[in-house]
2 protein chains.
Amino acid sequence: MDLGSRLKAAREKKGLSQRQLARLSGVNNGTISLIEQNKISPTVAILKRLLDTVSKSLGEFFGDHEPGQPERFFSAAELPEFESGEIVFRQVGANIPGRKLQILRERYLPNGDTGKTMLSHDGEEGGIVLAGEIEITVGDEVAVLSEGDAYYFNSTIPHRFRNLGNVECEIVSACTPPTF
Amino acid sequence: MDLGSRLKAAREKKGLSQRQLARLSGVNNGTISLIEQNKISPTVAILKRLLDTVSKSLGEFFGDHEPGQPERFFSAAELPEFESGEIVFRQVGANIPGRKLQILRERYLPNGDTGKTMLSHDGEEGGIVLAGEIEITVGDEVAVLSEGDAYYFNSTIPHRFRNLGNVECEIVSACTPPTF
DNA sequence: CTCTGGCTTTTAATTTCTTAAACACTACAC
DNA sequence: GTGTAGTGTTTAAGAAATTAAAAGCCAGAG
């Protein structure tokens, strides 16, 4: 997985030598050398001390590496349309492997409902209402949003979307990481 | 940093016991126990084997930062409107600390342009065109998208948005992590 | 009650990483 | 040439993580 080169890149980006990084982080310079050569696998504790002093989080450090090069444009017809009960949606970049973002254009028909059992999953999500009205329940909060309104919440909190009106409701939503 | 609880959560989410995870990953079950109790700091190599078998990347694992509890609804009037040249946009949840997602509703007036110097930053972004037409340049690819079309690309690749038409173009976009 | 089978935790032995110091190399000053 | 200061690499001793096996615990079956 070449963790060594990544650490080296991070270190050099900060303009530090192995010894300077060693002094600042309190980690031995020999250890840094061995890690950069992929001769040993550092402890998470050690790696954290190193990344702290080059001001990178573990998340960034490991997140950067799974880049893939998703890069694409999609015509409207290319966006596959899914249907689930009274909800119809199109997903952007559904087949991009390793993507971090899920973007949906959703249409809730009258009575469209994500279901009585609340949804709950890792990550965060948000969106904007483009037309119609939608009732959103998040935890113990309930709100009815209309055109132009927006929401943003932690997806681990149980949530539910319901179209109580008699006109279609359209939403563009995004969440990270993708749920499907 | 409570790496232990996070591993435990990931394991239980997969419905595995310590022993099952041990067998599948090839890591000793005692080690798993000690890690979950934060009694030792695992080697990155070991942690990777564990996360691989619960289908989590190191990036996701460390990226799932402190939960924070962003949870809010925003009325249309509450979304602050920014302006930058011929581009006007509203951001969802601009003031939520530590959020991972940036969602924008953007309006490009005729000649609206992100500028001659291409943009480039960490992360990924995508969006859907709601009205009008927009020219998007990503790396050496150029495309003109109309209503209903969409895009998704790695934000590290230099990119530019331009409204060449004479009608306003409206887009909802999302990117992770936020750029401002 | 007792046994079985599942779980997590703990212990001793082994392996591995981490440290400190020495090594080798380059560049610059005097 | 020689000394000094910088770089990254390598080595033996010590510290810490990993392993394998044993010890507890709890729930259910007989």
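For D:dT10, one of the phosphate oxygens OP1 or OP2 lies less than 4.0 angstrom from a side-chain nitrogen or oxygen of A:Lys39. Remark: B:Gln37 is in phosphate contact with C:dT10, judged by side-chain N or O atoms under 4.0 Å from OP1 or OP2. Close to D:dG8, at under 4.0 Å from its OP1 or OP2, lies a side-chain N or O of A:Arg11. Phosphate proximity of C:dC7 to B:Ser17: present, with a side-chain N or O under 4.0 Å from OP1 or OP2. Side-chain nitrogen and oxygen atoms of A:Gln18 include none within less than 4.0 Å of the OP1 or OP2 phosphate oxygen of D:dT7. Residue A:Thr31 places none of its side-chain N or O atoms closer than 4.0 Å to OP1 or OP2 of C:dT18.
The distance from atom SG of A:Cys169 to atom CD of A:Glu133, rounded to the nearest 0.5 Å, is 8.0 Å.
We find that CG of B:Leu34 is positioned 10 Å from C1' of C:dT11, with the value rounded to whole Å. In this structure, A:Asn28 atom CG and D:dT11 atom P are separated by 15 Å, rounded to whole Å. Going from atom CD of B:Glu36 over to atom P of D:dA17 covers 16 Å, rounded to whole Å. Whole-Å rounding puts the B:Leu7 CG to D:dT18 C1' distance at 15 Å. Between the CG atom of A:Leu16 and the C1' atom of D:dG8 there is a distance of 15 Å, rounded to whole Å. If you take CG of A:Leu21 and P of D:dT9, they are 13 Å apart, rounded to a whole angstrom. Between the C1' atom of D:dT7 and the NZ atom of A:Lys8 lies a distance of 11 Å, rounded to the nearest Å. Distance CG (B:Asn38) to P (C:dT9): 11 Å, rounded to an integer number of Å.
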Practice task
Evaluate side chain to side chain donor-acceptor pair (under 3.5 Å) for A:Glu125 paired with A:Ser155, printing each intermediate quantity in order.
Solution key: CA-CA 6 Å; A:Glu125 63 185 283; A:Ser155 306; 3.1 Å; yes
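Remark: B:Arg6 qualifies as a cation-pi partner of B:Phe61 under the 6.0 Å distance and 45° angle criteria applied to the six-membered ring.
Checked by distance alone, A:Arg19 brings a side-chain donor or acceptor within 3.5 Å of a matching partner on the base of D:dG8.
The only member of A:Leu47, A:Ile46, A:Val44 that meets side-chain contact (heavy atoms from CB on, under 4.5 Å) when paired with B:Ser41 is A:Val44.
Defined by atom type and a distance below 3.5 Å, a donor-acceptor pair is missing between the side-chain atoms of B:Thr137 and B:Glu141.
Within the nucleic acid shown, B:Thr43 comes within 4.0 Å of sugar-phosphate atoms alone, with no base atom in reach, counting heavy atoms only.
Closest to the side chain of A:Ile46, from the set D:dT7, C:dT18, C:dC7, is C:dT18. Residue A:Ser33 places its side chain closer to D:dT10 than to any other of C:dT10, D:dT10, C:dT19. Listed nucleotides C:dC17, D:dA17, D:dT19 differ in distance to A:Ile40; the shortest reach to its side chain belongs to C:dC17.
If you find the closest nucleotide of DNA chain C to B:Asn29 and to A:Gly26, the one lying nearer the 5' end belongs to B:Asn29.
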